[in-house]
Amino acid sequence: MTVEQAGRKVAVTAEELHGAEREQAWQQIKAAADNFRKYEETTDRLLPVIRLAPR
């Protein structure tokens, strides 16, 4: 998989996070993007958190 950031393409590997690692990342996401916190309040499903790491 390739993502583009600041005009630069980077090959990455995607990994779904689980347990405490997911919860820690999810708290950081909600702190940085309020719309995710609001969306979480309107759904009853657990939203996946995916880590993208450079290859």
Side-chain angles (χ1 to χ4, degrees):
M1 171 188 306
T2 303
V3 297
E4 187 173 331
Q5 181 181 19
R8 192 174 128 231
K9 292 184 179 180
V10 179
V12 296
T13 301
E15 172 190 8
E16 185 173 357
L17 301 181
H18 300 279
E21 192 172 29
R22 181 214 174 270
E23 185 58 31
Q24 182 181 13
W26 182 244
Q27 294 305 318
Q28 292 174 338
I29 292 167
K30 290 192 311 183
D34 192 50
N35 56 327
F36 282 100
R37 182 191 57 78
K38 291 176 183 174
Y39 181 65
E40 180 184 43
E41 294 172 356
T42 65
T43 185
D44 59 353
R45 69 184 184 97
L46 184 66
L47 301 170
V49 175
I50 309 297
R51 174 190 297 144
L52 300 177
R55 280 194 254 162

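This chain uses plain numbering: 1 for the first residue, then up along the sequence.
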Would you say Gln5 has more than 12 foreign heavy atoms packed within less than 6.0 Å of its CD?
no
Could you give all pairs that pass the side chain to side chain donor-acceptor pair (under 3.5 Å) test and reach residues 23-35, with sequence neighbours left out?
Glu23-Gln27, Trp26-Glu40, Lys30-Glu40, Asp34-Arg37, Asp34-Lys38
Hydrophobic cluster (4.5 angstrom, side-chain heavy atoms) - remaining members for Val10
Met1, Val3, Val12, Ile50, Leu52
Test of understanding: with side-chain contact (heavy atoms from CB on, under 4.5 Å), list the residues that count as partners of Thr43, not counting sequence neighbours.
Tyr39, Arg45, Leu47
Applied to residues 6-15, the side chain to side chain donor-acceptor pair (under 3.5 Å) test, sequence neighbours excluded, yields Glu15-Arg51
